[in-house]
Structures are given as C-alpha cells and as structure tokens.
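Data block below; observations after.
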Amino acid sequence: MSINYDPFSEKAMKDPLPLYSALRAEGKPHYIEKYNAWALTRFEDVMKASTHHEKDVTFTAGQTPGQLLLGEPVLKAFTTMDAPEHRKWRGVIRKNYTPEGIEEHRERFTELARNILEPLLDKGEFDVYHDYANQVFCLNSGYNLGLSSSESISCRRLIDEMLHRDSGQVGSGSTRNQKAATELMTFLANFVQKVRANPDLAVRHTAAYLYADIDGKQLDDEELALLLLNFLIVGSETTPMVVAGMLYHLAQNTDVKMRVLNDHRLIKELYIETCRYDQPTNMLCRRAVNAFDLNGAHILPGQNLLYIYASANRDEEEFEQADTFNIFRKRRRDLSYGAGGHKCLGMHMATMGAEILVSELFKSISDYEVLEDQCERSYGEFLNGYLTVPIRVTL
Ligand code: HEM
C-alpha cells in the first residue's frame with residue numbers, strides 16, 4: 001500500500017516515527033508528487049546523498065522544508081551556499097569550532113552553567129530545557145556575537161516565537177511567526193548599524209564577519225545580520241533539546257541512570273545515543289541540479305530532496321534494535337551531525353557543552369526524577385525532541 005507522506009501533515013509534525021518506519025520499509029526513496037520531492041529515510045540513502053552527491057545538489061534554494069517545499073525566503077548565510085564559496089565563508093570562524101578551538105571556552109562555559117544551575121538546585125524542581133540548557137546555550141550564542149545577557153534572552157524568545165507552529169499550521173507564515181521575525185531582524189539590523197558606527201563594539205563572530213574579505217567581497221548590512229541570526233539559531237536550538245532528551249531517556253532505566261550518576265565518563269555515550277535516538281534536526285533539504293540515481297530513485301534536476309536524519313538514525317539496517325535506547329551500543333557510522341562539506345560546524349562545541357551541562361548537574365545531585373506528565377515534545381516539520389522536561393532533584 002502506498003504511503004501518503006506529507007511533512008506538514010498533523011501526523012508527521014506530531015509523531016513522525018511510525019511514518020518513517022513505513023517509509024524505510026519501502027526500501028528506496030519515496031517520491032512526494034505534491035512537492036516534487038524525494039524523502040530519503042534510510043541511513044544509507046541519506047549518507048550516500050550527503051557524501052557522493054554533494055556536487056549534484058544545491059544548498060542555495062534553502063535548507064528547511066519550508067524554504068524548499070513552500071518557497072519561504074531563504075536565510076542567506078554560508079549554510080545556503082555551495083562549494084567553493086561555502087568553504088571560504090565557513091572558514092572565517094572554523095578554527096573557533098575545532099576540538100582545540102572549543103577548549104578555550106571550557107572554563108567560561110562551565111562557569112556559565114554553574115551560575116544558571118545554582119538557583120535551580122535550590123528550587124529543587126526545574127525544567128531542564130527552558131530553565132537550564134536553553135538559558136546556557138542562548139547566553140553562549142549571544143556571547144559569541146557580543147550581545148548582552150538580556151539581548152541574548154530576548155533574541156532567543158523571538159526565535160522560539162518564529163519556530164512556533166500552531167496545530168495544523170503549514171510553514172512559518174502565521175502572524176505570530178512573522179511578528180517575531182520582523183522584531184528580530186529589526187534588532188539585528190540596528191545591532192549591525194551600531195557595530196558599523198563603532199567597530200570597537202564588534203567582537204568574536206561579529207568582528208570576524210564584519211572584517212571578512214573573501215575574494216574582494218565583504219558582507220553588506222543585511223548579509224551580516226542574516227549570518228548573525230543564523231548563528232543565534234544554530235548555537236542555541238538543538239543542543240538544549242538533546243540535553244533535555246538525555247535526562248528524559250536516561251530516567252527510563254533506573255539501573256543505567258544510577259550507573260551514569262556514579263560514573264560521569266558515561267555522559268558522553270549518553271549524549272551520542274540521545275542524538276541518535278532523538279535526533280533534534282528532524283530533516284534538512286537540498287535541491288538537485290544534476291540527474292543522478294540513488295538506490296532505485298532516478299532524481300532529476302529541480303527536484304527537492306528531504307534528508308530525514310531522525311529516520312536514518314532509527315534504521316534497523318544500520319543500528320541493531322534501532323528503537324531501543326542503549327548508551328552502550330556499538331556504532332559504525334554517525335549521521336547525527338549530517339555528512340559531507342556542510343557537516344555541522346558546531347559538533348565539538350555541542351558535545352562539550354552538553355557534557356558540561358549534565359556533569360555539572362550530576363556532580364550536585366544524588367538522583368532525579370522526571371515529572372513525566374508535564375513533559376512536552378516539539379511540534380512541527382523542522383525540529384524533533386523534548387522541549388519541556390521538568391525534573392525533581394535529590395541533592
Ligand atoms: C553549539 C551548538 C551547535 C552549533 C554552533 C551548530 C552549528 C552548525 C552550523 C553552522 C551548521 C551549518 C554548517 C554548514 O552549512 O557548513 C550546522 C549544520 C548541522 N548541524 Fe549543527 N550546530 C550545533 C549543534 C548541533 C546538534 C546538537 C546537532 C544534532 C545532534 C546538529 C546537527 C546539525 C546537522 C544535521 C547539520 C546539517 C549538516 C548538513 O547539512 O549536512 N548541530 N550546525
């Protein structure tokens with residue numbers, strides 16, 4: 001029986017995993033006529049498309065399902081450039097995100113985590129996502145741009161508003177989304193004016209891109225504002241969801257929970273397995289520019305491709321007992337951060353940050369319980385995972 005898959009359907013936005021399982025069982029990419037798009041749901045297909053066919057696709061048509069399938073405006077930054085331009089603009093801040101580069105931030109980030117955590121421990125109950133992980137990553141993203149704490153928090157609130165989906169809403173066109181997008185862009189446009197007028201105010205990522213000159217090209221005001229917006233989003237969106245998921249999934253198995261609480265070296269395994277099991281980047285998209293064959297699908301120029309990471313990471317052909325959360329599992333390959341030239345730039349920072357957040361928490365408590373009935377998952381086409389995980393801690 002053919003599957004009626006629409007990434008914007010209620011079913012797909014609420015709980016897509018049963019759909020993904022059915023799509024993988026088809027054994028090849030699934031064509032969606034309505035969007036002239038191929039959904040890649042198998043691990044091998046996403047990996048092969050990412051690594052063997054990068055030259056056959058363009059990133060310039062956007063990366064989100066809304067941009068590719070609904071024609072929403074493309075957020076222009078290096079994330080939506082093709083090689084070789086992409087490599088050069090990404091390269092401007094690449095060194096900040098290498099394993100050595102992120103080490104420079106360990107102490108500051110740990111301090112930040114401790115400051116946010118301390119009053120939460122006194123309260124005894126808090127939401128891992130909103131009160132803790134999102135706060136820390138949001139302040140960290142703001143720091144990278146040179147924003148004050150209150151500016152960082154208000155930008156993050158606007159990003160949440162932009163990404164909010166009402167039940168049944170298709171795309172990001174609601175008044176609520178648009179109002180937040182306008183407010184955020186106005187703030188960033190003013191910020192860019194401010195640093196242009198007084199370049200001494202530009203620090204870190206903002207300074208790097210303010211002065212960047214690639215083949216004689218410099219960013220204009222709008223390009224700089226969009227690039228900064230991109231960093232605010234990617235730096236504070238997915239990792240807090242993974243941290244919330246780590247606490248949630250770990251609590252489902254008391255024995256494993258006690259092992260991790262007593263041996264913090266396992267936190268990294270917990271992080272990696274949570275990224276796999278509850279991949280926060282549900283999907284990203286590209287558009288084909290050349291014809292190519294992919295495991296039984298003949299892809300034509302102009303067709304859209306959905307790289308569904310959250311499905312690939314549950315593929316039984318790649319992961320034994322893929323639907324079981326097992327921090328001790330053996331892995332051959334990884335797709336959680338994507339693959340190919342656009343592979344996640346922030347992967348080392350995300351891993352280090354998540355490890356710090358959870359180990360700082362576990363150093364301070366002897367146990368915790370998840371307030372299950374208050375937990376909430378994301379709803380929408382783009383993100384996947386826990387957005388509310390309240391916990392009660394025992395010191
Ligand atoms: C500090 C946190 C993070 C930062 C700063 C960050 C930054 C970025 C950036 C800048 C890109 C675009 C790279 C490019 O186009 O060249 C990217 C892509 C991506 N990131 Fe992250 N990221 C973070 C956390 C995460 C996490 C936790 C995950 C999932 C586990 C993730 C998954 C991805 C994926 C799947 C891509 C797309 C790769 C592709 O297109 O092939 N990121 N990230």
Side-chain angles (χ1 to χ4, degrees), residues 40 46-54 57-64 67-68 74-94 96-98 101-102 105 109 112 133-134 136-145 204-205 208-209 226-246 270-286 305-313 334-357 382-385:
L40 314 185
V46 178
M47 184 58 106
K48 200 162 176 195
S50 306
T51 50
H52 288 49
H53 294 288
E54 203 158 275
V57 302
T58 182
F59 291 74
T60 58
Q63 279 217 295
T64 67
Q67 290 163 349
L68 268 289
V74 177
L75 206 166
K76 202 168 170 280
F78 62 80
T79 48
T80 52
M81 289 177 187
D82 295 334
E85 204 192 2
H86 161 257
R87 217 62 202 159
K88 295 179 187 172
W89 285 99
R90 173 175 160 131
V92 171
I93 42 121
R94 193 187 55 82
N96 291 274
Y97 288 97
T98 58
I102 57 146
H105 297 279
F109 193 92
L112 187 57
N134 190 259
V136 177
F137 270 96
C138 144
L139 292 174
N140 186 57
S141 296
Y143 168 87
N144 285 333
L145 267 55
R204 298 175 275 278
H205 291 13
Y209 282 105
L226 285 173
L227 194 130
L228 299 181
L229 172 61
N230 199 47
F231 270 107
L232 277 180
I233 297 176
V234 293
S236 64
E237 188 59 61
T238 46
T239 326
M241 290 176 86
V242 182
V243 173
M246 288 165 80
L270 170 64
Y271 172 76
I272 295 170
E273 177 65 349
T274 310
C275 287
R276 181 198 73 83
Y277 187 80
D278 227 349
Q279 157 74 274
T281 325
N282 183 26
M283 73 174 85
L284 287 170
C285 314
R286 333 263 188 243
L305 296 158
L306 319 186
Y307 293 28
I308 309 184
Y309 302 106
S311 170
N313 270 351
D334 200 342
L335 250 184
S336 294
Y337 291 115
H342 282 254
K343 186 169 181 172
C344 179
L345 177 70
M347 57 187 277
H348 301 299
M349 182 62 217
T351 312
M352 182 180 86
E355 272 191 280
I356 290 174
L357 286 182
F382 187 41
L383 293 172
N384 171 59

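Atoms within a ligand are numbered from 1 in the order they appear, just like the ligands themselves. The analysis underlying the following values was restricted to heavy atoms, covering all of them including side chains, and did not include hydrogens, waters or symmetry mates. Numbers for residues simply follow the sequence, beginning at 1.
Residue-to-ligand polar distances keep Tyr97 apart from ligand 1: every N/O pair is separated by 3.5 Å or more.
When hydrogens are left out, the protein atom nearest atom 31 (C) of ligand 1 is Tyr337 CD2, 3.7 Å; that is the closest non-hydrogen contact. Here the heavy atom of the protein found nearest to atom 33 (C) of ligand 1 is Cys344 CB, 3.6 Å. Protein heavy atom closest to atom 2 (C) of ligand 1, with residue, atom name and distance, is Thr239 OG1, 3.4 Å. The protein heavy atom nearest to atom 13 (C) of ligand 1 is Arg90 NH1, 3.3 Å. When hydrogens are left out, the protein atom nearest atom 12 (C) of ligand 1 is Thr79 CG2, 3.3 Å; that is the closest non-hydrogen contact. The single protein non-hydrogen atom nearest to atom 26 (C) of ligand 1 is Thr238 OG1, 3.3 Å, given as residue, atom name and distance. From the protein, the heavy atom lying nearest to atom 30 (C) of ligand 1 is Cys275 SG, 3.6 Å. The protein heavy-atom contact nearest to atom 11 (C) of ligand 1 is Leu345 N, 4.0 Å.
The shell of residues lying under 4.0 angstrom from ligand 1, judged by heavy atoms, includes Ala339. Under the 4.0 angstrom criterion for non-hydrogen atoms, Arg94 is not in contact with ligand 1. Taking 4.0 Å as the cut-off, His86 counts as a neighbour of ligand 1 on heavy-atom distance. Proximity of Gln279 to ligand 1 is established by a heavy-atom distance of less than 4.0 Å. Residue-ligand proximity: Pro280 is placed with a non-hydrogen atom under 4.0 Å from ligand 1. By the 4.0 Å heavy-atom criterion, Tyr271 is counted among the residues contacting ligand 1. Using 4.0 Å as the threshold, Glu237 has no heavy atom nearer than that to any atom of ligand 1. Contact analysis leaves Gly340 out of contact with ligand 1, as no non-hydrogen atom separation drops below 4.0 angstrom.
At a heavy-atom distance under 4.0 Å, only side-chain atoms of Leu284, from C-beta outward, approach ligand 1. Counting heavy atoms under 4.0 Å from ligand 1, residue Tyr307 does not touch it at all. Only the side chain of Arg286 comes within contact range of ligand 1, with a heavy atom under 4.0 Å; no backbone atom does. Residue-level proximity to ligand 1 for Val234 is carried by backbone and side chain together, each with a heavy atom below 4.0 angstrom. Counting heavy atoms under 4.0 Å from ligand 1, residue Gln63 touches it through the side chain alone. With a 4.0 Å cut-off on non-hydrogen atoms, His342 touches ligand 1 through its backbone as well as its side chain.
Residues Leu232 and Leu145 form a side-chain contact, since some pair of their non-hydrogen atoms from C-beta on lies under 4.5 Å apart. Using a 4.5 Å cut-off on side-chain heavy atoms (C-beta onward), Thr79 and Asn230 make contact. Residues Thr80 and Leu75 are not in side-chain contact: their nearest non-hydrogen atoms beyond the backbone lie 4.5 Å or more apart.
Residue Arg204 qualifies as enclosed at atom CZ: its count of foreign heavy atoms under 6.0 Å is above 12.
One finds a salt bridge joining Arg276 and Glu273 here, because a Lys/Arg side-chain nitrogen approaches an Asp/Glu carboxylate oxygen to under 4.0 Å.
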Worksheet item: Does the side-chain contact (heavy atoms from CB on, under 4.5 Å) test come out yes or no for Asn140 and Met349, once each step is laid out?
Response: CA-CA 11 Å; Asn140 186 57; Met349 182 62 217; 3.8 Å; yes
Fill in: Step-by-step side-chain contact (heavy atoms from CB on, under 4.5 Å) determination, Phe59 to Glu54
CA-CA 9 Å; Phe59 291 74; Glu54 203 158 275; 4.0 Å; yes
Worksheet entry | Worked check of side-chain contact (heavy atoms from CB on, under 4.5 Å) between Thr281 and Tyr307 | CA-CA 10 Å; Thr281 325; Tyr307 293 28; over 6 Å; no
Item to complete: Could you walk me through whether Met283 and Phe382 pass side-chain contact (heavy atoms from CB on, under 4.5 Å), step by step?
Response: CA-CA 6 Å; Met283 73 174 85; Phe382 187 41; 5.6 Å; no
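Ring-centre distance between Phe109 and Phe137: below the 6.0 Å cut-off. Aromatic ring centroids of His105 and Tyr97 lie 6.0 Å or more apart.
Side chains of Tyr309 and Ser50: no donor on one and acceptor on the other come within 3.5 Å. Side-chain contact, Asn313 with Ser336: a donor N or O sits under 3.5 Å from an acceptor N or O.
Among Ser336, Gly245, Gly338, the residue whose heavy atom lies nearest to atom 29 (C) of ligand 1 is Ser336.
Listed by chain and number, the residues in a salt bridge (Lys or Arg N to Asp or Glu O under 4.0 Å) with Lys48 amount to none (sequence neighbours excluded).
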